[in-house]
Amino acid sequence: MALAKLGVVVLDCPDPRALAGFYAEVLGGTVEGEGDWVDLKVPDGPALAFQRAPGHVPPKWPAGDASQQFHLDLIVEDLDAAEKGVLALGAKPLAEQGGSSFRVYADPAGHPFCLCAC
């Protein structure tokens with residue numbers, strides 16, 4: 001028997017509302033809240049929350065001397081179309097792009113995420 005159930009994945013960031021808006025455009029869903037904590041209720045998958053972290057320092061990727069801490073794998077049907085979409089929303093490539101199974105980016109606050117072909 002499990003001891004707990006996953007409630008929400010929380011990302012520290014300098015601007016919770018802006019980062020929630022980025023992920024709402026990528027994943028769909030509804031942004032709720034203001035100030036230091038903002039939730040994103042997504043239609044399929046766990047909820048995401050965004051917490052203001054003064055002095056937030058984005059993880060480095062790749063870096064042998066600094067852990068990326070975690071990353072999100074986002075499943076997409078068309079890698080090329082999804083790539084165009086996330087770049088237009090402010091994502092930045094973190095690796096040479098053009099792969100056929102996954103591609104790596106940073107969100108506007110610097111968190112790494114992958115677009116993965118389904």
Side-chain angles (χ1 to χ4, degrees):
M1 179 163 78
L3 296 175
K5 180 172 91 171
L6 179 63
V8 64
V9 175
V10 182
L11 286 79
D12 286 355
C13 59
D15 185 342
R17 186 87 183 166
L19 195 57
F22 170 83
Y23 280 105
E25 290 292 326
V26 174
L27 299 171
T30 305
V31 176
E32 299 176 358
E34 296 289 334
D36 291 340
W37 183 279
V38 176
D39 291 305
L40 174 60
K41 307 294 186 190
V42 293
D44 295 316
L48 293 176
F50 305 89
Q51 175 176 271
R52 185 176 318 281
H56 170 72
V57 177
K60 296 177 185 174
W61 188 96
D65 64 340
S67 169
Q68 69 173 319
Q69 301 162 15
F70 79 97
H71 71 273
L72 301 173
D73 281 351
L74 308 179
I75 307 302
V76 300
E77 291 185 19
D78 183 331
L79 277 172
D80 293 331
E83 177 177 63
K84 287 178 187 173
V86 299
L87 292 174
L89 293 169
K92 306 238 181 311
L94 290 179
E96 185 68 32
Q97 301 304 330
S100 61
S101 62
F102 73 94
R103 299 178 189 168
V104 184
Y105 307 87
D107 68 24
H111 302 102
F113 70 95
C114 296
L115 296 178
C116 303
C118 59

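Values reported hereafter were calculated over all heavy atoms of this structure, with side chains retained and with hydrogens, waters and symmetry mates removed.
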Worksheet item: Which heavy-atom pair separates G110 from P59 by the least distance, and what is that distance?
Response: O-CD, 3.7 Å

Practice prompt. Please round to the nearest 0.5 Å and tell me the distance separating atom CZ of F113 and atom CG of L11.
Written response: 11.0 Å

Worksheet item: Would L89 and L87 show up in the same hydrophobic cluster when neighbours are defined by side-chain heavy atoms closer than 4.5 Å?
Response: yes

Worksheet item: Of all residues at least two apart in sequence or in a different chain, which pass the side-chain hydrogen bond (donor to acceptor under 3.5 Å, both in side chains) check with Q51?
Response: D12

Fill in: Contacts of type side-chain hydrogen bond (donor to acceptor under 3.5 Å, both in side chains), residue D36, not counting sequence neighbours
R52

Worksheet item: Below 4.5 Å, heavy atoms only, C-beta onward: do H111 and C13 meet side chain to side chain?
Response: yes

Worksheet item: Looking at residues at least two apart in the chain, or sitting in another chain, which of them share a side-chain hydrogen bond (donor to acceptor under 3.5 Å, both in side chains) with D39?
Response: W37

Practice prompt. Give the ring-plane orientation class for Y23 versus F50, where under 30° counts as parallel, over 60° as perpendicular and anything between as tilted.
Written response: parallel

Worksheet item: Does D107 reach the side chain of V26, with side-chain heavy atoms less than 4.5 Å apart?
Response: no

Fill in: Closest non-hydrogen atom pair between E83 and L115, with its separation
N-CD1, 3.7 Å

Fill in: Min side-chain heavy-atom separation L48-L27 under 4.5 Å
yes

Worksheet item: What heavy-atom pair brings C114 and F102 nearest, and what distance separates the two atoms?
Response: SG-CD1, 4.3 Å

Worksheet item: So, for L94 and P112, which heavy atoms are closest and what is the spacing to 0.1 Å?
Response: CD1-CB, 3.9 Å

Item to complete: Mind listing the closest non-hydrogen atom pair of A20 and L40 along with its distance?
Response: O-CD2, 4.2 Å

Worksheet item: Do D15 and R17 pass the side-chain contact (heavy atoms from CB on, under 4.5 Å) test, and can you show the C-alpha distance, the side-chain angles, and the key distance before you say yes or no?
Response: CA-CA 6 Å; D15 185 342; R17 186 87 183 166; 3.9 Å; yes

Worksheet item: Does V9 belong to the same Ile/Leu/Val/Met/Phe/Trp/Tyr cluster as V31, with side-chain heavy atoms less than 4.5 Å apart forming each link?
Response: yes

Worksheet item: So which heavy atom on V38 is nearest to which on P16, and how close?
Response: CG2-CB, 3.7 Å

